[in-house]
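Report on one structure; see the data block that follows.
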Amino acid sequence: MVEERYHPQEIEEKWQRIWEEQKSFRIAEDSSRPKYYVLEMFPYPSGRIHMGHVRNYSIGDVVARYKRMRGYNVLHPMGWDAFGLPAENAAIERGVHPESWTQENILYMKTQLKRMGLSYDWERELATCEPEYYRWNQWIFLQLYKRALAYKKSSSVNWCPSCKTVLANEQVIEGVCWRCETPVMQKELEQWFFRITAYADELLQDLDRLEGWPDKVLTMQRNWIGKSIGAEILFPLVDREGALRVFTTRQDTVYGATFLSLAAEHPLALELCRGTSQEKTVKEFVERIREVNQARRGEEEGEKEGVFTGSYCENPFTGEKIPIYLANFVLMEYGTGAVMAVPAHDQRDFEFAKMYRLPIRVVIQPKDALLKPGEMTEAYVDEGIMIGSGPFSGLPSDEGRVKVALFLEEKGWGKQDIRYRLRDWGISRQRYWGTPIPIIYCDKCGIVPVPENDLPVTLPRNVPFTGKGGSPLLENRPFLEVSCPKCRGVARRETDTMDTFVDSSWYFLRYVSAKFDSAPFDSMKANYWMPVDQYIGGVEHAVLHLLYARFFTKALRDLGLAKVDEPFTNLLTQGMVCKETYRCEQHDWLFPGELAGSEREGWRCPRCNRPVEKGRVEKMSKSRNNVVDPEELIAAYGADTARLFTLFAAPPEKDLEWSAQGVEGAYRFLTRLWRFVIQHREILAAATSDLSQMELSADLRNLRRLTHRTIKKVTEDIETRFHFNTAIAAIMELFNAVSSCAKDGSESDGEIRVIKGALEAMIVLLCPFVPHVASELWECLGQQTALEGVPWPAYSKEAMEEEKLLIVVQVDGRVRGKITVPADASGEFIEEEALADPKVRRFLTGKEIQKVIQVPRRLVNIVLEG
RNA sequence: GCCCGGAUGGUGGAAUUGGUAGACACACGGGACUUAAAAUCCCGAGGAUCCGCAAGGGUCCGUGCCGGUUCGACUCCGGCUCCGGGCACCA
């Protein structure tokens with residue numbers, strides 16, 4: 001006797017075992033079938049999976065299983081983004097070694113992922129913290145170094161003087177260290193960089209080719225790269241040698257430049273004031289700006305502030321002598337660190353000029369107004385007609401921009417120029433748990449790359465984790481002390497490790513040959529599998545990860561390792577998983593479970609009994625006490641329910657609002673389906689779904705029609721737009737039709753066949769969403785073959801053909817009646833029927849019909865006069 | 001400030017090319033089964049209003065707001081409001 005109740009745990013365990021034993025999802029290259037590479041962003045092994053993972057990987061698994069059933073050779077791998085700070089923090093706080101901590105987490109999370117029934121080829125699993133992986137980070141670094149795409153320079157970083165360590169921007173919270181709350185300083189440090197700017201233009205251009213990416217992400221990347229077309233202009237210094245270089249995009253306003261502004265960090269800043277009365281003031285200003293500047297950058301757009309350097313330069317266009325100022329809003333990192341100030345046509349210069357009473361000269365006249373410097377309350381920054389601009393006066397500003405640029409090149413006063421907001425990628429991290437940068441410093445030979453044969457440079461295990469005093473690698477002498485590869489002399493190893501974004505910039509290539517040991521990946525296999533056809537992950541990686549991965553792909557292509565220009569053809573950025581929150585004004589976020597009171601009378605804080613504000617629906621996070629643990633969910637309802645709910649509750653790109661009742665509903669659907677099949681299993685297993693030569697009643701023909709329409713709908717929803725929620729709704733609808741059809745109990749041969757056909761279709765269609773229960777029910781229907789290998793069902797046009805059509809009849813655009821006509825009825829016939837319908841006629845009496853509009857197979861609109 | 005999204009019942013969402021707004025699900029209400037409850041099953045439902053003893057039927061309003069195009073607008077166009085996200089002294 002088969003257990004009648006739906007026990008997801010047993011079923012899921014059974015099928016997961018079968019898939020594992022039969023290696024159902026192991027994959028290899030196969031030139032006879034089209035390939036499909038579907039990839040979800042690999043997780044950081046933080047300890048446990050969260051709902052965001054459940055959603056991400058459920059979506060990916062639907063795609064993978066669907067494409068497999070469509071006959072594609074599907075690559076669907078999984079791995080671990082295993083380097084990173086939390087492992088080191090665990091070491092500092094709890095004395096666990098980062099490696100053991102990470103490995104334990106990986107092991108645990110892997111069993112959690114397996115519990116979800118995800119169809120990965122686990123033989124390709126990788127973890128970026130393994131020497132077999134990170135040695136190739138080092139190898140790639142060396143190749144980039146050879147081509148000057150990796151280089152070292154001094155740059156300023158966030159520095160916590162108490163922890164003696166560098167902080168990432170995210171670790172600086174309101175100007176203080178996230179861990180010890182010491183104010184963060186800026187410090188100049190020698191750091192390694194990747195020259196991503198060498199690819200700025202290609203990275204920008206190729207965005208146009210990424211048609212399968214969301215516009216939002218493309219826009220964010222465009223803004224991030226920030227290409228500006230303009231000119232570099234030389235302003236000769238007065239009474240001394242040299243000139244100041246400025247970058248501007250508005251060379252058409254150069255006649256209105258009445259002063260120059262430099263960044264406080266500008267190399268000439270102090271020199272320009274030397275010997276002038278301004279020397280002391282300038283020095284104080286520079287000092288102050290340096291302290292404040294970056295530590296609080298982005299906090300607010302404070303007052304414009306500056307100081308006169310005491311020196312002048314000449315505007316080459318006007319021949320005028322104009323003062324040089326330092327200004328707090330000029331950034332050394334962008335352009336040349338110097339700008340020509342045109343107060344009339346730049347808001348910042350305008351504010352600055354007002355404050356220091358500098359002249360404002362209008363050189364662009366708008367079409368519909370007359371600008372007077374004394375009356376302006378803000379800069380005029382739009383296009384217009386050039387005035388007071390010598391030979392250029394009278395030109396439209398956009399045209400003038402081109403002419404001025406050509407003119408200054410002719411005169412040798414500068415050149416046309418393009419600048420990017422994008423900066424080179426600093427990859428040095430003063431940390432232990434990352435890829436050691438393969439560089440050796442020798443007093444004699446200088447910077448010496450580690451010879452490729454000596455790779456990998458492995459992390460020493462035995463180091464102290466104190467959280468103080470910089471990288472633990474500095475304390476490990478066997479690691480630190482090496483002999484120079486060139487001169488064999490005493491040398492010192494680089495102790496910085498790489499940014500973990502390096503690891504994730506090429507992992508998708510490693511999967512094609514995860515165990516390959518003579519190069520980062522097997523180029524032949526990469527040529528077969530790449531690019532990734534569908535990449536799926538959170539929108540939080542819209543810029544950094546996705547930009548770095550694109551950069552690496554192009555760089556590796558130029559190294560001759562891969563052929564593709566772009567790594568990811570299609571990108572799906574899934575929404576966040578959210579849930580309602582509860583907040584007490586004194587005790588902050590509360591768990592729903594700890595609330596006192598009730599929904600009806602209002603919730604109260606268990607500690608202070610204050611009314612609790614039912615907060616907004618927010619992204620699940622520990623700090624907001626609104627997380628749901630997937631493990632508990634799966635233990636209570638099974639993986640299929642977890643998958644079904646997350647796929648059904650919202651389309652993937654939108655945020656998903658968690659609902660315990662919604663989960664219940666998903667579970668209820670699976671239970672109903674289960675019970676239906678189990679209750680009829682004998683009769684269904686014995687029956688066939690072959691309908692050839694069968695005479696069917698109208699009801700059965702309808703059910704058959706709905707079956708085929710559902711196949712079509714589900715196929716299109718998955719294929720064209722990943723709208724799994726509507727696909728699932730359609731399957732539910734079909735099931736509702738099946739169960740009400742079976743209710744009357746007549747059970748003719750034809751009926752059993754049609755119902756069996758409907759169920760077979762439903763189960764195959766459900767396989768990508770809820771693979772375990774679908775597999776089990778497939779078996780119950782008497783099927784021998786593995787469900788995941790069954791071809792996706794086709795829909796028959798003939799079976800979908802309507803016999804009767806429901807036509808809506810409108811009068812003046814309002815629905816007034818509905819008529820049913822044979823599917824092959826003529827337009828004339830339909831019009832006649834529509835006009836004859838009693839409900840319609842009431843609106844026609846005494847009126848004259850102006851015209852009748854027909855939408856074939858749908859509607860008739862009778863338009864009356866007036 | 002600039003750029004990108006979004007706004008539809010009590011709730012999540014559907015309506016794919018301009019053609020019956022509210023599929024599917026949740027929550028809710030009523031009923032059946034039960035000693036009872038849970039579970040399950042059945043029925044109902046956008047709002048207002050009218051007609052009828054009743055089953056039922058009718059009318060008007062309704063997709064953030066205002067206006068436009070159209071026989072017909074959640075969908076297209078113009079102008080706003082609010083919410084979310086990204087960037088933010090980038091010269």
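Here is how names work: the chains are called A, B, and so on, in the same order as the sequence lines, proteins then strands, and each is numbered from 1.
Side-chain N/O atoms of A:Thr197 and A:Asp424 include a donor and acceptor closer than 3.5 Å.
Between A:Phe352 and A:Tyr325, the ring centre distance stays below 6.0 Å. Separation of the A:Tyr548 and A:Trp425 ring centroids falls under the 6.0 Å cut-off. A:Tyr667 has its ring centre less than 6.0 Å from the ring centre of A:Tyr6. Side-chain rings of A:Trp413 and A:Phe235 stay apart, their centers remaining 6.0 Å or farther from each other.
Taking the P atoms as reference points, B:A73 lies 15 Å from B:C66, given to the whole Å. For the C1' atom pair drawn from B:C33 and B:G22, the interatomic distance equals 33 Å after rounding to whole Å.
Listed nucleotides: B:C90, B:C4, B:A21. Nearest to the side chain of A:Arg348: B:C90. Relative to the side chain of A:Thr219, the nucleotides B:A27, B:A25, B:C4 differ in distance, and B:C4 lies closest. For A:Glu733, counting side-chain heavy atoms from C-beta on, the closest listed nucleotide (B:C24, B:A91, B:U20) is B:C24. For A:Val855, whose side chain is taken as the heavy atoms from C-beta onward, the closest listed nucleotide among B:G19, B:U20, B:A14 is B:G19. Closest to the A:Arg842 side chain, of the nucleotides B:G58, B:C89, B:C71, is B:G58. Comparing B:A25, B:U20, B:C89 by their nearest atom to the side chain of A:Val808 picks out B:U20. When distances are taken from the side chain of A:Arg816 to each of B:C90, B:C26, B:C60, the shortest belongs to B:C60. In this structure, of B:C90, B:U59, B:A27, it is B:C90 that holds the atom nearest to the side chain of A:Leu331.
Taking 3.5 Å as the limit, the base of B:C71 and the side chain of A:Asn861 contain a donor-acceptor pair of atoms between them. No N or O donor and acceptor, one from the side chain of A:Arg222 and one from the base of B:C87, sit under 3.5 Å apart.
At least one side-chain nitrogen or oxygen of A:Lys851 sits closer than 4.0 Å to the OP1 or OP2 atom of B:C71. Note on A:Lys839: every side-chain N or O is 4.0 Å or more away from OP1 and OP2 of B:G57. Within the structure, every side-chain polar atom (N or O) of A:Thr726 is placed at least 4.0 Å from both OP1 and OP2 of B:C24. The phosphate of B:A27 (OP1 or OP2) has a side-chain N or O of A:Arg668 nearer than 4.0 angstrom. Within the structure, a side-chain polar atom (N or O) of A:Arg675 is placed less than 4.0 Å from OP1 or OP2 of B:C41. A:Asn223 has no side-chain polar atom (N or O) that falls below the 4.0 Å cut-off from OP1 or OP2 of B:C90.
Atom pair A:Met732:CE and B:A14:C1' shows a separation of 13 Å (rounding to whole Å applied). For A:Trp224 and B:A88, the CH2 to P distance is 6 Å, given to the nearest whole Å.
Residue contacts shown for A:Asp717 include a base, since a base heavy atom lies under 4.0 Å away. Among the heavy atoms of the strands lying under 4.0 Å from A:Phe648 is at least one base atom, whether or not backbone atoms are also near. Nucleic acid contact class of A:Leu806 (heavy atoms, under 4.0 Å, all strands): base. If you check every strand for non-hydrogen atoms under 4.0 Å, A:Gly665 touches sugar and phosphate atoms only. Across all strands, A:Pro651 comes closer than 4.0 Å only to sugar-phosphate atoms, never to a base (heavy-atom distances).
With a 3.5 Å ceiling on both atom-pair distances, B:U35 lacks any Watson-Crick or G-U wobble partner.
Residues A:Ser397 and A:Arg250 share a closest heavy-atom pair of CB-NH2, 4.4 Å.
Where A:Val863 and A:Arg858 meet RNA chain B, the nucleotide closest to each residue was compared, and A:Arg858 sits on the side nearer the 5' end. The residue among A:Thr248 and A:Asn725 whose nearest nucleotide of RNA chain B lies closer to the 5′ end is A:Asn725.
A salt bridge does not link A:Arg668 with A:Glu664: every distance from a Lys NZ or Arg NE/NH1/NH2 to an Asp or Glu carboxylate oxygen is 4.0 Å or more.
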